[in-house]
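Report on one structure; see the data block that follows.
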Amino acid sequence: MALRFYNTLSHSLEEFTPGQAGEVRMYNCGPTVYSDPHIGNMRSFLLADLLRRVFDQRGFRTTQVMNITDVGHLTVDDVADAAGEDKLEKMARAEGIDPYEIARRYEEVFFENLDILGARRAHEYPRATEHVAEMITMIEALIEKGHAYQVDGVGVYFRVRSFPEYGRLSGNTLEDLDAGARIEVDDRKESPLDFALWKIDEKHLMQWDSPFGRGFPGWHIECSAMSEKYLGRTFDVHTGGEDNIFPHHECERAQSLCSGDGEFARFWVHARHLLVDGAKMSKSKGSFFTINDLLARGFEGYEIRYTLISPHYRQPMNFTLDGLEGDRKAVARLRALGERLRGEGASGAPASASAEWRERLEAAQAQFDACLDDDLNVSGGLGVVHETAKALGRGELGPDEAAAGLAFLEHADAILGVIFAESSQVEEGLSPEEQELLEARGAAREARDWARSDELRDALLARGIVIKDGADGVTWERRR
RNA sequence: GGCGGCAUAGCCAAGUGGCUAAGGCACGGGUUUGCAAAACCCGCAUCCCCGGUUCGAAUCCGGGUGCCGCCUCCA
């Protein structure tokens with residue numbers, strides 16, 4: 001089946017064909033590095049990763065670029081507002097730490113989180129602060145072509161009326177937008193719809209010199225300038241969260257299309273927001289989770305990844321801790337099977353597996369691929385994986401069948417990234433005391449003193465250690 | 001007010017005109033185990049309501065109800 005995605009621009013499912021055969025160029029709206037990434041942010045970045053992995057697996061030469069928004073759209077006032085809840089920003093203000101340091105610090109957290117969730121690294125992560133020159137060039141081009149105008153001492157605005165297509169992406173029309181526009185404080189704009197390309201505001205923490213005065217770039221211009229620099233004016237896929245559709249991406253299109261020739265992004269893929277316990281994430285309701293929060297609760301990166309990618313990306317996903325807990329078990333079963341097959345299939349050859357198994361696994365793989373090709377239907381694909389895993393788990397497999405089964409799991413996991421992903425938790429060993437308890441229990445079992453044995457097992461459980469008596473010895477696992 | 005989306009079992013979630021409506025979690029029963037844990041097996045829904053189109057609809061159309069997102073810097 002051909003690849004197809006829902007293209008926000010056409011508001012319909014479209015067959016995906018890259019502009020240049022065999023090559024995909026993709027731009028992802030990345031993080032704003034002024035706080036720890038939360039699960040919603042990561043869901044959007046994982047959508048980008050899923051696309052990346054599908055493109056890779058289908059044999060495209062993929063170039064992926066994700067921007068780092070480190071320009072402070074943060075004024076001195078904002079810092080003051082945020083001071084109550086953000087330690088680092090408070091510190092920054094109190095101790096006069098450079099905002100760049102804060103940005104770098106959060107950028108690091110972002111990359112750590114990305115790795116822990118098993119996202120493949122993009123090919124470029126351009127920082128907005130390092131591309132101000134490109135932005136200025138683009139703004140100058142827009143002014144020259146009559147698509148932007150300068151207001152002395154205020155900044156530069158994009159003239160929305162000069163771009164009749166404005167609204168196409170978000171499904172708005174200029175008339176509707178005009179009618180619904182909120183009252184503008186600054187009437188020096190020609191139209192309330194016009195948006196800033198360059199702003200002059202002394203309170204802003206980051207400032208650059210420009211032909212329009214010392215100030216800072218508008219939010220949208222960074223993506224237009226950086227995508228063009230790294231991917232060219234026309235590229236294949238642009239992703240982001242649904243809230244980016246308007247105004248951010250609408251404005252990006254306007255800027256890019258008006259500043260030069262050629263198409264801009266051909267496919268726009270947007271992730272719906274996630275809810276927590278059925279409602280918008282909220283700090284006051286205690287339903288605001290960063291990736292680090294979940295890691296601190298002892299969840300593995302691949303467990304979080306599984307939860308975030310399993311519902312369809314265009315479906316408003318409902319995140320719950322109970323759901324994550326449940327998914328952890330589902331992943332654990334797949335991982336246990338994967339580990340088992342790696343042992344049993346070590347010496348086998350998939351091609352020599354029985355015809356029955358070969359057919360079954362080929363069919364499963366074809367079905368899995370078809371699901372992913374069809375607008376990234378991960379849930380459907382997971383269904384196939386679980387079904388097949390169940391069959392593999394019950395079957396008496398020879399080495400060849402095990403190897404074939406393993407090959408299937410590895411194929412699926414090239415997209416899913418959860419079955420063979422490494423643990424992100426630091427596995428603590430047993431303390432001497434715990435070790436003693438474990439050995440004492442072993443001795444009690446040896447003596448068939450079951451009461452004493454169970455007592456010791458409970459004692460270990462109270463310390464978060466789960467005991468498993470297997471055929472070939474006792475193993476333990478730390479749990480929360 | 002404008003634009004858009006969603007309603008499938010206790011919970012999460014696929015399915016977009018046609019075999020017995022995927023899968024996961026939970027739950028019940030069982031195999032195994034000293035007992036557990038883990039693993040494995042078995043069971044578990046007619047798809048928000050009303051009307052229509054059709055030989056046939058969870059899937060298409062109309063109406064209703066409920067929930068949600070966006071509307072200038074929140075993925």
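When reading the values below, keep in mind they use all heavy atoms of this one structure, side chains included, and skip hydrogens, waters and symmetry mates. Sequence lines set the chain letters: A, B, ... in the order given, protein chains first and strands last, and positions in each chain run from 1. Since the structure is predicted, the reported quantities are computational estimates derived from the model, not experimental observations.
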So what does [X] hit on the nucleic acid, given a heavy-atom distance under 4.0 Å: a base, only sugar-phosphate, or nothing?
{"X": "A:I467", "answer": "base"}
{"X": "A:S453", "answer": "base"}
{"X": "A:R445", "answer": "base"}
{"X": "A:H11", "answer": "nothing"}
{"X": "A:D469", "answer": "base"}
{"X": "A:G383", "answer": "base"}
{"X": "A:R452", "answer": "nothing"}
{"X": "A:N244", "answer": "sugar-phosphate"}
{"X": "A:K329", "answer": "sugar-phosphate"}
{"X": "A:N377", "answer": "sugar-phosphate"}
{"X": "A:L274", "answer": "base"}
{"X": "A:G323", "answer": "nothing"}

### Query
Are A:F289 and A:F319 close enough that their ring centers fall under 6.0 Å?
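Between A:F289 and A:F319, the centre distance is under 6.0 Å.
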Rounding to an integer number of angstrom, what distance separates [N] and [M] when you compare their [atom1] atoms?
{"N": "B:U54", "M": "B:C60", "atom1": "C1'", "answer": "10 Å"}
{"N": "B:A14", "M": "B:A7", "atom1": "C1'", "answer": "15 Å"}
{"N": "B:C12", "M": "B:C48", "atom1": "P", "answer": "14 Å"}
{"N": "B:G64", "M": "B:U72", "atom1": "C1'", "answer": "35 Å"}
{"N": "B:U32", "M": "B:G69", "atom1": "C1'", "answer": "50 Å"}
{"N": "B:A38", "M": "B:U33", "atom1": "C1'", "answer": "10 Å"}
{"N": "B:C47", "M": "B:G17", "atom1": "C1'", "answer": "15 Å"}
{"N": "B:C74", "M": "B:G18", "atom1": "P", "answer": "44 Å"}

I'd like to know if [X] and [Y] make a salt bridge, using a cut-off of under 4.0 Å between side-chain N and carboxylate O.
{"X": "A:D293", "Y": "A:R297", "value": "no"}
{"X": "A:D194", "Y": "A:R159", "value": "no"}
{"X": "A:R328", "Y": "A:E300", "value": "no"}
{"X": "A:R441", "Y": "A:D469", "value": "yes"}

Suppose we define a pair by two distances each less than 3.5 Å, Watson-Crick or G-U wobble; what does [N] pair with here?
{"N": "B:A7", "result": "B:U65"}
{"N": "B:C70", "result": "B:G2"}
{"N": "B:A13", "result": "none"}
{"N": "B:A39", "result": "B:U31"}
{"N": "B:U54", "result": "none"}
{"N": "B:A22", "result": "none"}
{"N": "B:U59", "result": "none"}

Between [options], which nucleotide has the shortest distance from any of its atoms to the side chain of [X]?
{"X": "A:R272", "options": "B:G69, B:G24, B:A37", "result": "B:G69"}
{"X": "A:S379", "options": "B:C35, B:A37, B:A13", "result": "B:A13"}
{"X": "A:F246", "options": "B:C71, B:C40, B:A13", "result": "B:C71"}
{"X": "A:D454", "options": "B:C35, B:A75, B:G24", "result": "B:C35"}
{"X": "A:Q315", "options": "B:A14, B:U72, B:G24", "result": "B:A14"}
{"X": "A:R441", "options": "B:C12, B:G69, B:C35", "result": "B:C35"}
{"X": "A:E387", "options": "B:G23, B:U72, B:G34", "result": "B:G23"}
{"X": "A:R394", "options": "B:G24, B:A13, B:C42", "result": "B:C42"}
{"X": "A:K468", "options": "B:G69, B:A38, B:C41", "result": "B:A38"}

### Message
Looking at A:R333, I'd like to know whether one of its side-chain N or O atoms comes within less than 4.0 Å of OP1 or OP2 on B:C25.
### Response
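Indeed, a polar side-chain atom of A:R333 lies that close.
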### Message
Please tell me if A:T32 has a side-chain N or O lying less than 4.0 Å from either OP1 or OP2 of B:A75.
### Response
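Affirmative; the distance criterion is met.
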### Task
Would you kindly check if the NZ (Lys) or CZ (Arg) of A:R342 is within the cone defined by 45 degrees around the ring axis of A:F420 and under 6.0 Å from the six-membered ring centre?
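Judged by the rule (NZ or CZ under 6.0 Å from the ring centre, within 45° of its axis), A:R342 counts as positioned above A:F420.
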### Message
For A:F110, does the six-membered ring have the charged nitrogen or CZ of A:R105 within the cation-pi criterion, i.e. under 6.0 angstrom from the centroid and within 45° of the normal?
### Response
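No - A:R105 does not lie over the ring of A:F110 by the 6.0 Å and 45° rule.
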### Message
A quick test of your reading: do over 12 heavy atoms of other residues, nucleotides or ligands sit less than 6.0 Å from CD of A:E410?
### Response
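Counting neighbours around CD of A:E410, more than 12 heavy atoms of other residues, nucleotides or ligands fall under 6.0 Å, so yes.
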Atom [atom1] of [X] to atom [atom2] of [N]: distance rounded to whole Å?
{"X": "A:Y166", "N": "B:C71", "atom1": "OH", "atom2": "P", "value": "12 Å"}
{"X": "A:K280", "N": "B:A75", "atom1": "NZ", "atom2": "P", "value": "11 Å"}
{"X": "A:F45", "N": "B:C74", "atom1": "CZ", "atom2": "C1'", "value": "12 Å"}
{"X": "A:L456", "N": "B:C35", "atom1": "CG", "atom2": "P", "value": "19 Å"}
{"X": "A:H312", "N": "B:A13", "atom1": "NE2", "atom2": "P", "value": "13 Å"}

### Query
Has A:H273 got its ring stacked on B:A75, by the test of a centre gap below 5.5 Å and a plane angle below 30°?
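Stacked: ring centres under 5.5 Å, planes under 30°.
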### Query
When the ring planes of A:F246 and A:Y166 are compared, do they come out parallel, tilted or perpendicular, using 30° and 60° as the limits?
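Plane angle over 60°, so perpendicular.
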### Query
Is any side-chain N or O of A:R457 under 3.5 Å from a base N or O of B:A36, one able to act as donor and the other as acceptor?
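Per atom types, the contact qualifies.
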### Contact nearer the 5' end of RNA chain B, comparing A:G171 with A:S44
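Nearest nucleotide further toward 5': that of A:G171.
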### Message
I want to confirm an ordering. Mapping A:M42 and A:M317 to their closest nucleotides on RNA chain B, which one lands closer to the 5' end?
### Response
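Its nearest nucleotide being more 5', the pick is A:M317.
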